Amino acid sequence: SVAALVTWAAHFNILGPFGGFESYSQAEMASGGLQLLGFVLAFIGWIGIIISAALPQWKMSSYAGDNIVTAQAIYEGLWMSCVMQSTGQMQCKVYDSLLKLEGTLQATRALMVAGILLGLIGIFVAVTGMKCMKCMEDDEVKKMRMAVFGGVIFLVAGFAVLVATSWYGHRVARDFYNPFTPVNTRFEFGQALFIGWAAASLTILGGAFLCCSCPRRETSYPPTRAYPKSAPSAGKDYV
């Protein structure tokens, strides 16, 4: 049968380098699955970064204290500040001047924009190196390097957003616990800040999966068995 023939060929190492085809295919499938998972996580994280940067709820007014009027809620974001009335109506105002903003807010803006742009570049680079795409099929080494390079870009984007959100959150917490800050002007973490942290974590995790998606090219084969050569039979001369 065919199975017996393959077993016999593998026993005598007749298949040579094709003997590890099954394990190599499994490694390719696992690598492709890890690559796809990393890209999906990084893409979702990139979408979350955009949502976090656009939302105005980076910090919200705190209700800690006894004399706080809760008729309205104040939100502040990277681009605007909003006031929500108890009736549910929200009024927002874009910041007038860039030069009047605090240095931490300007740096947070720059890091968030850099994370969005790097994530966009990482998407195009990673898609080029994906195994399920037809691009660069003639050179598998360059294709894998493109996927790894896309993962590195996602890592840089995720860390930039993580630094931005952590820096902003540290400033909010510092002002909240500052005894000289009036109680009526204290702020707490907003929803956009938590979305930014989650998005940065997903982007970093997806980039790490992309960097680890390259399979090993070496395949172990069974050692060749040495067989003694049969001595040539003495021939007879016939006339």
Side-chain angles (χ1 to χ4, degrees), residues 31-59 75-82 92 94-95 98-99 101-171 189-215:
S31 174
L34 185 63
Q35 195 177 74
L36 183 60
L37 176 62
F39 179 79
V40 170
L41 291 177
F43 183 78
I44 296 175
W46 180 71
I47 297 296
I49 292 172
I50 297 177
I51 296 174
S52 175
L55 288 177
Q57 290 91 354
W58 275 65
K59 64 179 181 179
Y75 301 100
E76 290 188 7
L78 300 181
W79 317 99
M80 64 185 71
S81 60
C82 300
C92 297
V94 181
Y95 297 136
L98 176 64
L99 299 178
L101 298 177
E102 298 180 2
T104 54
L105 184 57
Q106 295 183 12
T108 304
R109 274 184 172 186
L111 288 173
M112 291 299 293
V113 172
I116 294 173
L117 294 178
L118 286 173
L120 182 61
I121 297 173
I123 289 174
F124 287 108
V125 175
V127 165
T128 306
M130 294 285 289
K131 296 181 182 298
C132 56
M133 302 299 292
K134 299 296 183 181
C135 303
M136 302 176 64
E137 281 189 335
D138 53 343
D139 195 339
E140 290 294 332
V141 176
K142 289 185 178 180
K143 190 177 181 68
M144 289 190 300
R145 288 177 180 175
M146 290 293 290
V148 173
F149 186 57
V152 172
I153 296 177
F154 277 126
L155 286 175
V156 176
F159 279 116
V161 175
L162 185 63
V163 170
T165 51
S166 300
W167 191 3
Y168 193 94
H170 171 72
R171 185 172 67 89
F189 298 152
Q191 294 89 344
L193 204 57
F194 294 103
I195 294 175
W197 279 326
S201 301
L202 287 177
T203 307
I204 293 174
L205 186 61
F209 283 167
L210 282 173
C211 292
C212 299
S213 62
C214 286

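The structure presented is a predicted model; accordingly, all values stated were derived computationally and were not measured. For reference, positions follow the sequence shown, starting with 1.
Atom CZ of Phe124 is surrounded by 12 or fewer heavy atoms from other residues, nucleotides or ligands within 6.0 Å.
A pairwise comparison of heavy atoms in Tyr95 and Met80 identifies OH-O, 3.3 Å as the closest pair. Shortest non-hydrogen contact noted between Ala42 and Gly207 is CB-N, 4.4 Å. The heavy-atom pair separating Gly119 from Ala157 by the smallest distance is N-CB, 3.9 Å. Nearest approach of Ile116 to Ala53, heavy atoms of both residues: CD1-CB, 4.1 Å. The shortest heavy-atom contact between Trp167 and Ala107 is CZ3-CB, 3.3 Å. Ala199 approaches Gly45 most closely through the heavy-atom pair CB-O, 3.3 Å.
The aromatic rings of Phe43 and Trp46 sit tilted, their planes meeting at an angle between 30° and 60°.
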Side chain to side chain contact (heavy atoms under 4.5 Å, CB included) between Ile123 and Phe39: does it pass, once the steps are laid out?
CA-CA 8 Å; Ile123 289 174; Phe39 179 79; 4.1 Å; yes
Working note: Val161 + Thr203, criterion side chain to side chain contact (heavy atoms under 4.5 Å, CB included); need CA distance, chi angles, decisive distance, verdict.
CA-CA 9 Å; Val161 175; Thr203 307; over 6 Å; no
Carefully, step by step, assess Gln191 and Leu55 under the rule side chain to side chain contact (heavy atoms under 4.5 Å, CB included).
CA-CA 9 Å; Gln191 294 89 344; Leu55 288 177; 5.6 Å; no
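Atoms CE and CD1, on Met112 and Ile50 in that order, are 9.5 Å from each other to the nearest 0.5 Å. Taking SG of Cys211 as the start and CG of Leu155 as the end, the distance is 5.0 Å to the nearest 0.5 Å. Residue Cys82 holds its SG atom at 9.5 Å from CD of Glu76, rounded to the nearest 0.5 Å. Atom CG in Leu210 sits 9.0 Å away from atom CG in Leu41 (nearest 0.5 Å). Put simply, CD1 on Ile195 and CD1 on Ile47 are 13.0 Å apart, with the number rounded to the nearest 0.5 Å. Taking CG of Leu111 as the start and CG of Leu118 as the end, the distance is 10.5 Å to the nearest 0.5 Å.
With Arg171 contributing its side chain and Thr104 its backbone, the two residues share no donor-acceptor pair below 3.5 Å. No donor-acceptor pair under 3.5 Å is formed between the side chain of Ser166 and the backbone N or O of Val163. Between the Ser52 side chain and the Ala192 main chain, a donor and an acceptor come within less than 3.5 Å of each other. Between the Ser201 side chain and the Trp197 main chain, a donor and an acceptor come within less than 3.5 Å of each other. The backbone N or O of Gly77 lies less than 3.5 Å from no partner atom in the side chain of Ser81, so there is not a single donor-acceptor pair.
Phe209 has its side chain out of reach of Gln35: every pair of non-hydrogen atoms, C-beta onward, lies at least 4.5 Å apart. At a threshold of 4.5 Å between non-hydrogen side-chain atoms, the residues Arg109 and Trp79 count as touching.
Residues Trp58 and Tyr168 place their aromatic rings such that the two centres sit under 6.0 Å apart.
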